[in-house]
J.: 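Input: one structure, supplied below.
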Amino acid sequence: MGLLLFGVAKDIAGAALVGIPETVTNVAELKQWLYDRYPAMQQLSSLMVAVNREYAGDTQAIGAGDEVAVIPPVSGG
Amino acid sequence: MGLLLFGVAKDIAGAALVGIPETVTNVAELKQWLYDRYPAMQQLSSLMVAVNREYAGDTQAIGAGDEVAVIPPVSGG
Amino acid sequence: METLIAIRDTITVQEALDFIQSPECGGEVIFTGTVRNDTRGRGVTKLFYECYEAMALSEMQKIADQVQARWDIKKLAMLHAIGDKYPGDIAVVIAVASAHRGIAFDACEFTIDTLKETVPIWKKEFFTDGGIGQ
Amino acid sequence: METLIAIRDTITVQEALDFIQSPECGGEVIFTGTVRNDTRGRGVTKLFYECYEAMALSEMQKIADQVQARWDIKKLAMLHAIGDKYPGDIAVVIAVASAHRGIAFDACEFTIDTLKETVPIWKKEFFTDGGIGQ
């Protein structure tokens, strides 16, 4: 399963797309996996996850076939 | 002494400039004189008077040398 | 605050935008009032605007002075058209630039609201049914 | 409500004005966000904007849906630029047209405020001192 990264999250990971292990089955587990692998992400004022282009809560399931993205604090406008 | 008229006040008077008698010495007297001479002006939702390009209260004196204008409800914008 | 105040036969949004443009400002709010093709369901052919020009310019300057006193606005353009105006024509443009957007919205809305209350400009409405309103 | 939503390298105020122009509307409110030459006293060379485009367009559409549900707005244009932007360049334009001005101010401010909170667009700041901020 692939994970899209944007903004500062992309810079921290050093990649716009990383693979995530199959043991990650929901948003909460994804965030924990990110914090473990990229401790600098814990410093962000917020870290949202989007599943299929929608902001997703911690309990939302993710699996193969989902488009999953890390959304650091947005700063458009 | 001349009086400038604008908008609907000009249409009621049928003139952009009318003479006012010397017996009119302040704004209140001017309004009374206008209402007597042009009863249709009593129907306006408001009637302001400007003296030397400033909105003037009823007690303000007016005399020769002042630029006096009738300001019916404004509708710019 | 830098101010552009004008009453003219023709005004454009672009001249207001050009005036308020500044690399120091991040937020610009522009209001444009255009002639509608109906008023309370009645078709409009045209509007005719007239003003008491010297006093109108003085009252517009007073509004600018109030904006300057209340908000940290860098630039303010306040333009009003006079004469015959047809549906779609621009009658008024207010443009405000500031470093931050919240006060630009407040100052722009204050300016148009106050202009409509205090500036001696009058419009006459010509309706498609032949009537005239004031 | 008619809506124009776009994310592009270059956007102009004029295209937004052209889109919202309508003889049915009397009040138009436009917000433009331009690149400032300083951020908290630090000189800015340029900004770089990137977005998660498919989701950003979807979130912009959601804002338009909320505007339509809350106010009687006839036209809404919501444009955002991406890529390198220099001081004075336009980053975002929101343009709203309605029959009456009060709701146009409210809807325009709501749109830019919400866009800044929810739409996945990110800017990177390049400072004159060589630093980079996010």
J.: Should the pair C:H80 and C:Y49 be assigned to parallel (<30°), tilted (30 to 60°) or perpendicular (>60°) ring geometry?
T.: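 C:H80 and C:Y49: perpendicular rings.
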
J.: Hey, are the side chains of C:I82 and C:F48 touching, using non-hydrogen atoms and a 4.5 Å cut-off?
T.: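 They are not in contact (no side-chain heavy atoms under 4.5 Å apart), so the answer is no.
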
J.: Examine whether an atom of C:V92 lies under 4.5 Å from a heavy atom of chain D, and if so say whether it belongs to the side chain, the backbone or both; otherwise answer neither.
T.: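 Looking at C:V92, nothing touches chain D.
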
J.: Among D:L17, D:V13, D:D38, D:T32, which residue has the highest count of heavy-atom pairs closer than 4.5 Å to chain C?
T.: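 Among the listed options, the one with the most contacts to chain C is D:T32.
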
J.: Counting only non-hydrogen atoms closer than 4.5 Å, does C:E109 touch chain D with its backbone (N, CA, C, O), its side chain (CB onward), both, or neither?
T.: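 When you check distances to chain D, atoms from both the backbone and side chain of C:E109 fall under 4.5 Å.
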
J.: Less than 4.5 Å apart, any side-chain heavy atom of C:E24 and any of D:N37?
T.: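 In contact.
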
J.: Is chain D contacted by the side chain of C:V35, its backbone, both, or neither, given a heavy-atom distance below 4.5 Å?
T.: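 Looking at C:V35, just its backbone touches chain D.
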
J.: Are any of the side-chain nitrogens in D:E125 or D:R36 under 4.0 Å away from the carboxylate oxygens of its partner?
T.: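 No, this pair does not count.
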
J.: Of the backbone (N, CA, C, O) and the side chain (C-beta and beyond), which part of C:I94 lies under 4.5 Å from a heavy atom of chain D, both, or neither?
T.: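 Neither; nothing under 4.5 Å.
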
J.: Counting only heavy atoms closer than 4.5 Å, note whether C:D113 contacts chain D via side chain, backbone, both or neither.
T.: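 The answer is both parts of C:D113.
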
J.: If we define contacts as heavy-atom pairs under 4.5 Å, which of C:P87, C:C25, C:A97 has the most with chain D?
T.: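 Top option by heavy-atom pairs under 4.5 Å: C:C25.
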
J.: Does any backbone or side-chain atom of C:A99 lie under 4.5 Å from a heavy atom of chain D? Answer side chain, backbone, both or neither.
T.: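 It is both, since atoms from each part get that close.
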
J.: Indicate yes or no: at least one non-hydrogen side-chain atom of D:F31 is less than 4.5 angstrom from one of D:T111.
T.: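 A side-chain contact is absent here, since even the closest heavy-atom pair is not under 4.5 Å.
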
J.: Against chain D, work out which of C:I112, C:T34, C:V29 has the most heavy-atom pairs shorter than 4.5 Å and name it.
T.: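 So the answer, after comparing C:I112, C:T34, C:V29, is C:T34.
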
J.: With chain D, which of C:S22, C:A104, C:P23 has the greatest number of heavy-atom pairs at distances under 4.5 Å?
T.: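 Winner by heavy-atom pair count: C:P23.
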
J.: At their closest point, which heavy atom of C:V119 faces which heavy atom of C:A56, and how far apart are they?
T.: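 Heavy atoms only, the tightest pair is CG1-CB, 3.7 Å.
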
J.: Could you walk me through whether D:W122 and D:Y52 pass the ring pair (Phe, Tyr, Trp, His ring centres under 6.0 Å) test, one step at a time?
T.: CA-CA 9 Å; D:W122 298 270; D:Y52 179 12; 7.4 Å; no

